[in-house]
Number of protein chains: 2
Amino acid sequence: MIKTQVEIDKAAMLLKLLGDKTRLTMMKILDTHDCCVCEFVEIFKTSQPSISQHLRKLRDVGLVKEERRGQWIFYSMNKSNEYYSFIQQVINQLPDQNYHLKELEEKGTRITCC
Amino acid sequence: MIKTQVEIDKAAMLLKLLGDKTRLTMMKILDTHDCCVCEFVEIFKTSQPSISQHLRKLRDVGLVKEERRGQWIFYSMNKSNEYYSFIQQVINQLPDQNYHLKELEEKGTRITCC
DNA sequence: TTACTATATAATAATTTACTTATATATTCA
DNA sequence: TGAATATATAAGTAAATTATTATATAGTAA
């Protein structure tokens, strides 16, 4: 179910989630590409547990999905989430972040398995 | 100047600001009505300093303006702020919050000075 | 099997946030 | 002028958030 209006409590909760540069960038990237944890670790140059914890928060409210592919776990946007259209209104206004993936490709560390 | 795209850092900062139920509701109300501090105090049933501090954060980034009218200080949306259109995309998706003002009017505590 | 890689989770520490209490300033009104 | 009202700010505190370190689990590959 897609909402055109979001209760104020839910909206505040979602905006707080997006109000972090790491998570916001993740969401922008995931809107167009699936990504595995180790790629995010490289993109954000932070620790793996930190990335996992950010992803967990996004997953806990159903904004993203996870799926194992071989040894990797790929995250993807959950476009059937009831708040996806709300989220989309925000991320559509953000500049493209796919240069991060380009950088991984150039370094040869982009994971394109399965 | 109105931006159609907002840098990711700025966007995260703005979303964090909006990611609080009190501030988000304030912004939704201010988008259609000016409001003074004591009205917010009554609406949110919290302390006056707490309200002032929330308003200060919104004012510090230029999202709202303040203006003294007699003994009251009225806050209003700064619609010429460069991030207003970004903000608007968010608050347009929120349910109307003007019932709060209706309640004040019914109680006779709505301030309509000057 | 053993070693290695990828990921999650738990525990902890550091930082940030939001609220409260106390107080200062500005305005109005008697 | 003095009292009352409206607001801002400072200081302190409690709660929430984020990152780190340590460790556990699961898959892969020798």
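Given the structure is predicted, the values throughout are model-derived calculations rather than measurements. Order of the sequence lines fixes the chain letters, A, B, ..., with proteins taken first and strands second; residue numbering starts at 1 for each chain.
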Length of the line joining [X]:[atom1] and [N]:[atom2], which is rounded to integer Å:
X: B/I73; N: D/dT5; atom1: CD1; atom2: P; answer: 17 Å
X: B/K16; N: C/dA18; atom1: NZ; atom2: P; answer: 9 Å
X: A/I111; N: C/dT5; atom1: CD1; atom2: P; answer: 13 Å
X: B/W72; N: D/dA6; atom1: CH2; atom2: P; answer: 7 Å
X: B/M13; N: C/dT17; atom1: CE; atom2: C1'; answer: 16 Å
X: B/L18; N: C/dA18; atom1: CG; atom2: C1'; answer: 17 Å
X: B/Q53; N: D/dT13; atom1: CD; atom2: P; answer: 16 Å
X: B/Q71; N: C/dC29; atom1: CD; atom2: C1'; answer: 9 Å

For a quick check under 3.5 Å, do [X] and [Y] share a side-chain donor-acceptor pair by atom type?
X: B/T109; Y: B/E42; answer: yes
X: B/S85; Y: B/Q89; answer: no
X: A/S80; Y: A/N78; answer: yes

Look at the side chain of [X] and decide which nucleotide, out of [options], has an atom nearest to it.
X: B/D20; options: C/dA6, C/dT20, C/dA18; value: C/dA18
X: A/R68; options: D/dG27, D/dT7, C/dA8; value: D/dG27
X: A/E66; options: D/dT20, C/dA8, D/dA6; value: C/dA8
X: A/S52; options: D/dT18, D/dT7, C/dA8; value: C/dA8
X: A/R23; options: D/dT18, C/dT20, D/dT7; value: D/dT18
X: A/P49; options: D/dA8, D/dT28, D/dA22; value: D/dA22
X: A/R56; options: C/dA8, C/dA18, C/dT9; value: C/dT9
X: A/H54; options: D/dA19, D/dT18, D/dT7; value: D/dA19
X: B/Q48; options: D/dA8, C/dT20, C/dA8; value: D/dA8

Give a yes/no answer on whether the side chain of [X] brings an N or O atom under 4.0 Å of OP1 or OP2 in [N].
X: B/T46; N: C/dA18; result: no
X: A/R59; N: C/dT9; result: yes
X: B/S47; N: C/dT20; result: yes
X: A/K57; N: D/dT18; result: yes

Discussion item. A/D96: which residues meet the side-chain contact (heavy atoms from CB on, under 4.5 Å) condition with it, sequence neighbours left out?
Written reply: A/N98

Discussion item. How close do A/L30 and A/V64 get, counting heavy atoms only, and between which atoms?
Written reply: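 So the minimum-distance heavy-atom pair works out to CD1-CG1, 3.7 Å.
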
Worksheet item: How bent is the helix from C/dT1-D/dA30 to C/dA30-D/dT1, comparing axes over its five end pairs at each side, to the nearest 10°?
Response: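 For the helix from C/dT1-D/dA30 to C/dA30-D/dT1, the axes at either end differ by 10°.
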
Item to complete: May I ask you to say whether A/D20 pairs ionically with B/K16, meaning some side-chain N is under 4.0 Å from a carboxylate O?
Response: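 Looking at A/D20 and B/K16, the cut-off is not met.
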
Worksheet item: Between A/K28 (side chain) and A/I91 (backbone), is there a donor-acceptor pair under 3.5 Å?
Response: yes

Item to complete: List for me each residue that meets salt bridge (Lys or Arg N to Asp or Glu O under 4.0 Å) alongside A/R68, sequence neighbours excluded, and say none if there are none.
Response: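 A/R68 satisfies salt bridge (Lys or Arg N to Asp or Glu O under 4.0 Å) with no residue once adjacent residues are dropped.
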
Practice prompt. Please work out if A/Y75 contacts a base, only the sugar-phosphate, or nothing of the nucleic acid, heavy-atom cut-off 4.0 Å.
Written response: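 The residue A/Y75 makes sugar-phosphate contact but no base contact.
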
